[in-house]
Protein chains: 2
Amino acid sequence: MPRSESTTASAPPARVTIAHVARRAGVSPTTVSHVLSGKRVVGETTRRTVLDAISELGYRPNHVARHLRTRQSHVLAVLVPDITNPFYAVLTRGLADAVDAAGYGTFVCSTDGQHDRERKFFQDVMDRGVDGIVFASGELASEITFGPGDLTTPIVCVGDHLDHPLCDAVIPDDEAGSRDAAAFLAERGYARIAMIQGPPRYGTARTAGFRAAMQVARQRVPPEMMVRGDWTRKGGYQAMQALMTLPTRPDAVFCANDLMAIGALDVAHELGLSVPDDVAIIGFDDVDAATIVTPQLTTVRNPAYDLGSAAGDLALSRLSGRYRGAGRTVVLPCPLVERGTA
Amino acid sequence: MPRSESTTASAPPARVTIAHVARRAGVSPTTVSHVLSGKRVVGETTRRTVLDAISELGYRPNHVARHLRTRQSHVLAVLVPDITNPFYAVLTRGLADAVDAAGYGTFVCSTDGQHDRERKFFQDVMDRGVDGIVFASGELASEITFGPGDLTTPIVCVGDHLDHPLCDAVIPDDEAGSRDAAAFLAERGYARIAMIQGPPRYGTARTAGFRAAMQVARQRVPPEMMVRGDWTRKGGYQAMQALMTLPTRPDAVFCANDLMAIGALDVAHELGLSVPDDVAIIGFDDVDAATIVTPQLTTVRNPAYDLGSAAGDLALSRLSGRYRGAGRTVVLPCPLVERGTA
DNA sequence: TAGCCCACCCAAAACGATTTGAGCCTGGAG
DNA sequence: CTCCAGGCTCAAATCGTTTTGGGTGGGCTA
């Protein structure tokens with residue numbers, strides 16, 4: 001005889017299992033399982049009895065046991081460089097909101113962008129049996145992180161493709177966003193438009209978009225109008241200083257991210273320049289700080305929330321079996337949000 | 001005979017289990033388990049053999065099965081109002097860093113501060129079998145959220161106590177932080193110090209700290225110098241306007257949070273007042289935006305990272321069995337960080 | 001009355017580990 | 001030579017579900 005024949009005395013408050021419910025309802029565990037899952041039809045009266053027993057006993061299904069049997073944890077892992085970075089926090093929230101309704105939870109890992117941590121966490125969440133992984137960490141660290149090709153867990157890469165079947169991707173359309181921003185400046189009549197880029201090899205799509213727009217507008221961009229920063233406010237400050245000491249100053253500056261744009265804004269203020277009359281500034285990302293500065297920063301929105309949300313949908317479509325096939329790529333628009341600096 | 005007698009052909013890449021390892025090493029699963037856990041000593045030579053088999057087969061233990069048996073998931077849940085809020089993101093990171101080394105991962109839930117979501121997520125993570133819960137959501141929602149007292153999972157409340165055995169708490173010393181800030185202003189010679197408080201019934205400790213310092217400094221604070229905002233920048237703006245239209249203006253303002261302080265700063269700028277010479281401003285929280293505004297905001301740090309980290313330590317001490325006893329409360333200091341506005 | 005089909009329900013085998021009582025050797029002591 | 005202790009190892013039960021292949025009884029048709 002199995003166990004707990006002493007339903008009489010008060011043992012340590014043992015977890016109430018499906019077997020208890022079955023005993024109470026006078027049916028077999030099988031039947032209880034079936035009324036719970038609805039996978040097989042159960043007579044209405046027994047169904048009632050079972051349901052009653054469940055609520056009387058306060059039964060709660062054990063996810064772990066279920067997981068062991070079904071191999072479904074209903075957990076998605078999300079690997080980001082740093083949850084402390086608002087962009088990734090928002091992305092994570094978008095993901096969580098998207099999959100919550102389907103009963104999925106999210107397991108968050110901050111990798112600090114280090115390959116070894118990426119690998120460690122990747123292994124870890126695999127071992128933990130997550131149903132899918134959203135990989136938003138590392139520019140191209142992907143192939144290093146994953147082992148050989150025997151991958152059976154759906155993976156969604158954010159911000160970067162990854163050549164792997166089963167691996168979907170969602171990426172923001174940096175190029176179009178930048179193009180729109182630059183075109184916007186040109187249309188407004190600015191004639192000497194400069195750009196503060198990111199470090200070499202980074203953010204190339206944003207630069208490409210900028211160049212494309214300039215070409216369409218038939219504006220030549222002299223090399224000295226293309227300077228670089230290191231993504232930081234200070235880097236933007238220095239780059240802007242370089243621009244403003246040029247013999248012919250630019251009358252508009254497109255910055256590859258908001259932090260650098262804020263640095264540029266600092267310079268404008270110091271020089272007593274009026275923004276956007278003397279010089280216009282547009283950033284990229286639409287971080288919180290963009291609305292803190294004065295005037296509020298005109299910028300291009302990096303759709304963090306939507307990226308996370310889309311990643312969630314992609315993962316869900318595979319997990320539900322709704323989609324099975326080659327890796328998809330969805331690209332999301334980066335809309336220009338007009339505020340006070342352009 | 002159990003299964004997989006066809007180790008010959010290439011089946012779907014079945015998970016390699018402890019049984020495979022055992023077969024390969026010519027021992028029983030028991031022995032493999034023992035070399036893995038070290039709970040019982042095994043002969044050196046067999047140990048070697050087993051270890052070899054493990055690495056040859058690329059065996060990885062199944063956490064789920066282990067969890068089912070041992071009832072330990074090595075996962076901590078953290079319930080926050082919104083992971084998008086940098087304060088909670090940082091707190092979460094502190095927690096994750098603290099427990100990572102011990103092999104614990106973190107499962108994040110954004111409750112939006114709504115009781116029903118709190119309850120839902122609370123149930124959810126309990127059902128998922130997390131080993132502990134860090135509850136950083138809701139000012140006093142606690143007792144509503146948890147069911148009756150039969151709680152066996154360690155809980156750590158952040159920012160609020162909760163009368164429950166097994167329930168630890170970690171709280172920031174708002175009162176001392178506010179006291180220090182106000183005392184700092186008084187020492188600097190400011191003589192008409194005002195305060196922008198939060199809404200009624202909120203942030204009372206910060207108000208108390210302010211009053212205590214004023215008392216020590218023997219400064220009377222007339223009622224019109226104590227105004228209220230709603231935690232937002234706009235609320236701070238309006239409150240500051242009210243203060244500045246007083247017959248005798250304050251020469252220093254302590255704000256119950258940074259956002260309101262930034263709103264106050266806006267007013268000062270509009271009025272052409274020099275900060276901190278004409279009017280000093282101190283905020284509370286030390287959010288990122290505090291270093292964005294000019295001059296940079298002098299404020300009191302709300303130690304988000306440390307709160308999370310401490311919560312992790314508290315949970316760990318119980319999970320490891322190192323501590324078993326009544327609920328503890330650790331209070332963390334909120335240091336004044338001097339910058340440009342005071 | 002015999003034969004069938006349905007509608008329901010159950011037994012038992014997984015899932016992949018941990019845990020414990022017991023068995024098998026091998027030496028050394030008596 | 002017998003016995004016992006100790007060191008290793010194993011079999012079997014357990015954790016709480018899900019999943020199938022069967023049963024069982026009643027109603028309907030011929």
Test side-chain contact (heavy atoms from CB on, under 4.5 Å) applied to [X] - qualifying residues, sequence neighbours left out:
X	result
A:R48	A:E44
A:T84	A:D82, B:V90, B:R93
A:T92	A:V78, A:V80, A:I83, A:V108
A:A25	A:V27, A:T49, A:V50, A:A53

Write down the distance between [atom1] ([X]) and [atom2] ([N]), rounded to a whole number of angstrom.
X	N	atom1	atom2	answer
A:R71	D:dT17	CZ	P	18 Å
B:Q72	C:dT19	CD	C1'	14 Å
B:L36	C:dG16	CG	P	16 Å
A:R23	D:dG16	CZ	P	12 Å
A:H74	D:dT17	NE2	P	15 Å

(Q) Base contacts versus sugar-phosphate-only contacts with protein, heavy atoms under 4.0 Å: please encode nucleotides 19-25 of chain D as B, S and - from 5' to 3'. (A) BBBB---

Q: Let me know, please, whether A:S28 or B:V32 comes out on the 5' side of the other along DNA chain C by nearest nucleotide.
A: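 Looking at DNA chain C, the more 5' nearest nucleotide goes with A:S28.
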
**Q.** ring-ring contact (aromatic ring centres under 6.0 Å, His included) partners of B:Y104, counting only residues at least two apart
**A.**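 Scan of B:Y104 (ring-ring contact (aromatic ring centres under 6.0 Å, His included), adjacent residues dropped) gives B:H74.
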
Q. Just to confirm, is there a sub-4.0 Å distance from OP1 or OP2 of D:dG16 to any side-chain nitrogen or oxygen of A:T17?
A.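 Checking D:dG16 against A:T17, no side-chain N or O comes under 4.0 Å of OP1 or OP2.
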
Q | Non-hydrogen atoms of A:S73 and A:H67 that approach each other most closely | A |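 So the minimum-distance heavy-atom pair works out to CB-CE1, 3.2 Å.
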
Q | Within residues 59-78 of chain A or reaching into it, pairs that qualify as salt bridge (charged side-chain N to carboxylate O under 4.0 Å, His left out) - sequence neighbours excluded | A | A:R60-B:D127

Q: List in chain and number order the residues that pass side-chain hydrogen bond (donor to acceptor under 3.5 Å, both in side chains) with A:E56, two or more places apart in sequence or in another chain; answer none if no residue qualifies.
A: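 Partners of A:E56 under the side-chain hydrogen bond (donor to acceptor under 3.5 Å, both in side chains) test: A:R24.
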
Q: Measure from the side-chain N and O atoms of B:R128 to the backbone N and O of A:H63, and report whether any donor-acceptor pair falls under 3.5 Å.
A: no

(Q) Test of understanding: with salt bridge (Lys or Arg N to Asp or Glu O under 4.0 Å), list the residues that count as partners of B:D131, not counting sequence neighbours. (A)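 Salt bridge (Lys or Arg N to Asp or Glu O under 4.0 Å) check on B:D131 returns nothing, list empty.
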
Q. Quick one, which residues of residues 53-68 of chain A touch DNA chain D with a heavy atom under 4.0 Å?
A. A:Y59, A:R60, A:P61, A:N62, A:A65, A:R66

Q | Angle of first-five versus last-five pair axes in the helix from C:dT1-D:dA30 to C:dG30-D:dC1, to 10 degrees | A | 70°

Which donor-acceptor pairs under 3.5 Å do side chains of residues 303-310 of chain B form with protein atoms, sequence neighbours excluded?
from	atom 1	to	atom 2	distance (Å)
B:Y305	OH	B:D97	OD2	2.6

